[in-house]
Amino acid sequence: MSYDGMPAACHIHCSDRFSQTNEMRNQYDADIRQIVDTFNHYLKKKYPTSNYHDLDWRLVKAIIWTESGHKNSAWRLRPMQIGNNGDAGLKAVLHIKKTRLKNGKLHIQSEGAELIIPPEYKPNLTVNNKHKIRQNPQLNIQAGVTYLLMRHAKFGYKTVVNDDVEHIIAVKAGDNLNKIALSHHTTIGVLKQLNPEINQHHLHTGMQLKYKKATVKKYITGWQAINFSSVAKKYNAKGDRNYKYKLRYAYASINKE
């Protein structure tokens, strides 16, 4: 994340970062604990085979100290610095990254945030609340934790059959498997599975193919370890070279309290 064009961790030296009063520097403890607990409970229950390990709330607090610190104006609004001007993090969380397709249509690309966000936070983390996320510290922490976890998630894709009813389609001139799959709300994988004898490169007009309604869905297969180095690389996108050391210093200071 960044603030005013500079890596956030450059705004305050480590020696200044922790000179604030206990009341100020521990201001968000209850919020961080509650938010991290909510994510941990949801992700362990939702993805029991993904080998999810609880996120340490003290690491999130260390990120906030490193990102903002009480002397930074973002401390009281955007403690995790997500949503600053030019920051792609919030766009990734709100999946509002748009790509212009060859046919001229806009494609809204998801980076997987919807698989991370607990149900109780989904109404908060929407495009309509983009301004609030930039101005409300609790929502900013929710968005920041989402982004942190999203960047450490491993994603895969699987075909999901929506109903078990088998349909028949007659191949038309100019058809290919991709075109048929798109127009009949199925997938190439399902077409191949139900029609193992076909050669996808030699379809002919009038050929009858079986299919079932299906979609390809993104899912979480596992998690990368979250540590000082990974947070510095994946969360601090602007690349403060001392970020992981400041984060380690902050974490150690928190553990001494």
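For the numbers below, each heavy atom of this structure counts, side chains included, while hydrogens, waters and symmetry mates do not.
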Any chance you could measure [X], atom [atom1], to [Y], atom [atom2], to the nearest 0.5 Å?
X	Y	atom1	atom2	value
Arg25	Ser253	CZ	OG	7.5 Å
Leu77	Lys132	CG	NZ	15.0 Å
Ser110	Leu94	OG	CG	11.0 Å
Gln27	Ile64	CD	CD1	10.0 Å
Lys246	Trp65	NZ	CH2	15.5 Å
Asp175	Ile180	CG	CD1	4.5 Å

**Study point:** Residues forming a salt bridge (Lys or Arg N to Asp or Glu O under 4.0 Å) with Lys44, sequence neighbours excluded
**Key:**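 Lys44: salt bridge (Lys or Arg N to Asp or Glu O under 4.0 Å) contacts with Asp54.
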Taking side chain as C-beta onward, heavy atoms only, is [X] less than 4.5 Å from [Y]?
X	Y	result
Val231	Asn236	no
Ser68	Gln81	yes
Asp31	Pro137	no
Val93	Ile116	no
Thr146	Phe39	yes

Side chain of [X], backbone of [Y]: donor and acceptor closer than 3.5 Å?
X	Y	value
His152	Leu148	yes
Asp87	Gly83	yes
Ser50	Gly222	no
Asn227	Ser230	yes
Asn129	Thr126	no
Asn140	Met80	yes
Asn124	Gln142	no
Thr186	Lys213	no

Nearest heavy atoms of [X] and [Y], plus distance in Å:
X	Y	result
Val190	Ala214	CG2-CB, 3.7 Å
Ala250	Thr66	CB-OG1, 4.0 Å
Tyr52	Leu55	OH-N, 3.6 Å

Point to revise | Lys218 to Phe155 six-membered ring, cation-pi geometry met (6.0 Å, 45°) | key: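 Satisfied, under 6.0 Å and within 45°.
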Is it true that atom [atom1] of [X] has more than 12 heavy atoms of other residues, nucleotides or ligands lying nearer than 6.0 Å?
X	atom1	value
Lys217	NZ	no
His167	NE2	yes
Lys234	NZ	yes

Exercise for review: Decide side-chain hydrogen bond (donor to acceptor under 3.5 Å, both in side chains) for Lys212 and Asn162; before the verdict, give the C-alpha distance in whole Å, the side-chain angles of both, and the deciding distance to 0.1 Å.
Suggested key: CA-CA 8 Å; Lys212 294 179 181 179; Asn162 299 327; over 6 Å; no
Exercise for review: Could you check Tyr245 against Phe228 for ring-ring contact (aromatic ring centres under 6.0 Å, His included), going step by step and ending with a plain yes or no?
Suggested key: CA-CA 8 Å; Tyr245 303 110; Phe228 303 132; 9.8 Å; no
Polar side chain donor-acceptor pair, [X] to [Y], under 3.5 angstrom:
X	Y	value
Tyr211	Asn195	no
Thr38	Gln34	yes
Glu67	Tyr243	yes

**Study point:** ring-ring contact (aromatic ring centres under 6.0 Å, His included) between Tyr157 and Tyr219, worked out
**Key:** CA-CA 6 Å; Tyr157 295 87; Tyr219 72 107; 8.0 Å; no
Point to revise | Plane angle bin for Trp223 and Tyr47 - parallel if under 30°, tilted between 30 and 60°, otherwise perpendicular | key: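 If you compare the ring of Tyr47 with that of Trp223, the planes turn out perpendicular.
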Review point. Looking at Glu111 and Arg151, does any basic side-chain N land under 4.0 Å from a carboxylate oxygen?
Key: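 Yes, this pair counts.
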**Study point:** Check against side chain to side chain contact (heavy atoms under 4.5 Å, CB included), Ile169 and Lys210
**Key:** CA-CA 6 Å; Ile169 178 68; Lys210 294 178 285 188; over 6 Å; no
Exercise for review: With ring-ring contact (aromatic ring centres under 6.0 Å, His included) as the test, would you mind laying out the steps for Tyr28 and Trp57 before giving the verdict?
Suggested key: CA-CA 11 Å; Tyr28 296 118; Trp57 77 273; over 10 Å; no
Practice item. Indicate if Ile226 and Ile141 have the same hydrophobic cluster label, given that clusters are the connected sets of ILVMFWY residues with side-chain heavy-atom separations under 4.5 angstrom. Key: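 Linked within one cluster.
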